[in-house]
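So you know, we letter chains A, B, ... as the sequences are listed, proteins then strands, and number each from 1.
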Amino acid sequence: MKIATYNVNSIKVRLGHLTDWLKESEADVVCLQEIKCVDDAFPREQLEDLGYNVAVHGQKTYNGVALISRHPLEDVVTGLPGDDGDEQARYIEAVVPAGDTVLRVCGLYLPNGNPVDSDKFTYKLSWMDRLIARAKELLALEEPFVMAGDYNIIPSPDDVHDPKAWEGDALFRPDSRAKFYELANLGLTDAIRACHTEPHLYTFWDYQAGAWQKDNGIRIDHLMLSPQAADRLSGAGIDRMMRGREKPSDHVPVWAELDF
DNA sequence: ATGCCCACGACACGTGGA
């Protein structure tokens, strides 16, 4: 089963890219971020016509996440538990039947956090605390799950073209990274890092200053696997070619293959 | 050192992204 994450930066603008890529990649489950639309505006029918089930947690203009799956999506949870006052659409979770068991898929769009002297940064860190709490709850079930999405975290200096330029940024600050390690150290496996040891694998290139042409990128989209999911990991990849297409998202799809 | 580009809402440019 192929699980992927893709920050589309507007589903309206990127629907063609997404459907092209779905046909090429044959992904089974995809976590989408930054759909930037309300539930009713999501192109549900077009994706259903390609054989996907759809679950959406949308928001006008900003954020918005969705899950699409060739298998049923059950027990859908929208919104990250832990703060009923949080109105930003950044989290969606569902259970997907997988062989003789189930895979829980958690799609997330972690807050950017810049500027770091603002409440946006404290929101990022507290959001990560809630994600860690959710991971602890799910780990207690001892079932396969994946937390996949745009983490807005550069885990290590190997994951950025120019570490100096990112010093102090909310995506690379030691306290941001420490929270990510706290999550990983619960026992979650970074699918890309488990399959690829070479440095400088990126998932995002800024639109500005020729970042793509210079390969000035960062790795911020991750699939984090529970131990029971990591046991089934057989491959992972980054579909860089999507960044080279006409009118691309600034992120590209990242995927993991799990043997079910 | 700073801005570059892109999407949105709703038509002018401000907000947000990373």
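- At distances below 3.5 Å, not a single donor-acceptor pair connects side-chain atoms of A/His222 with backbone N or O atoms of A/Asn152.
- Not a single side chain to side chain donor-acceptor pair (under 3.5 Å) links A/Tyr151 to another residue, sequence neighbours left out.
- Summarising the geometry, the separation between CH2 on A/Trp166 and P on B/dG17 is reported as 13 Å, rounded to the nearest angstrom.
- Looking only at distances, a side-chain donor or acceptor of A/Asn53 sits under 3.5 Å from a matching main-chain atom of A/His71.
- Nucleic acid contact for A/Asn7: sugar-phosphate only, since backbone atoms but no base atoms lie under 4.0 Å from a heavy atom of the residue.
- Applying the ring pair (Phe, Tyr, Trp, His ring centres under 6.0 Å) definition to pairs two or more places apart or across chains, none involves residues 45-66 of chain A.
- In this structure A/Thr197 satisfies the side chain to side chain donor-acceptor pair (under 3.5 Å) test with no other residue, sequence neighbours excluded.
- Residues from residues 147-156 of chain A that place a heavy atom under 4.0 Å from any atom of DNA chain B, listed by number: A/Asp150, A/Asn152.
- Atom P of nucleotide B/dA18 and atom CG of A/Asp159 are separated by 17 Å, given to the nearest angstrom.
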Heteroatom pairs (N/O) under 3.5 angstrom, protein to nucleotides 8-16 of chain B:
residue : atom : partner : partner atom : Å
B/dC8   : OP1  : A/Ser10 : OG           : 2.5

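- Pairs of residues two or more places apart, or lying in two chains, that qualify as salt bridge (Lys or Arg N to Asp or Glu O under 4.0 Å) and include a residue from residues 71-94 of chain A are A/Asp86-A/Arg130, A/Glu93-A/Arg104, A/Glu93-A/Arg134.
- The shortest distance between the side-chain N/O atoms of A/Asn112 and the OP1/OP2 oxygens of B/dG17 is not below 4.0 Å.
- A/Val102 shares a hydrophobic cluster with A/Val95; the chain of contacts runs through ILVMFWY side chains whose heavy atoms sit under 4.5 Å apart.
- For A/Gln59, the side chain to side chain donor-acceptor pair (under 3.5 Å) criterion is met by A/Asn63, not counting sequence neighbours.
- One atom, CD of A/Gln59, and another, C1' of B/dG17, lie 14 Å apart when rounded to the nearest Å.
- Side-chain nitrogen and oxygen atoms of A/Arg14 include at least one within less than 4.0 Å of the OP1 or OP2 phosphate oxygen of B/dA7.
- Rounded to whole Å, atom C1' of B/dC6 lies 6 Å from atom OH of A/Tyr207.
- Interface residues of residues 240-255 of chain A facing DNA chain B, ordered by number: A/Lys247, A/His251; criterion, heavy-atom separation under 4.0 Å.
- Atoms CG (A/Asn216) and P (B/dC4) sit 17 Å apart, rounded to a whole Å.
- The ring pair (Phe, Tyr, Trp, His ring centres under 6.0 Å) analysis of residues 96-116 of chain A, with sequence neighbours excluded, yields no pairs.
- Within the structure, every pair that satisfies the salt bridge (Lys or Arg N to Asp or Glu O under 4.0 Å) test and touches residues 238-255 of chain A, not counting sequence neighbours, is listed here: A/Glu24-A/Arg245, A/Asp215-A/Arg240.
- Applying the 4.5 Å side-chain rule to ILVMFWY residues, one finds A/Ile154, A/Val160, A/Trp166, A/Leu171, A/Phe172, A/Ile218, A/Ile220 in the same cluster as A/Phe204.
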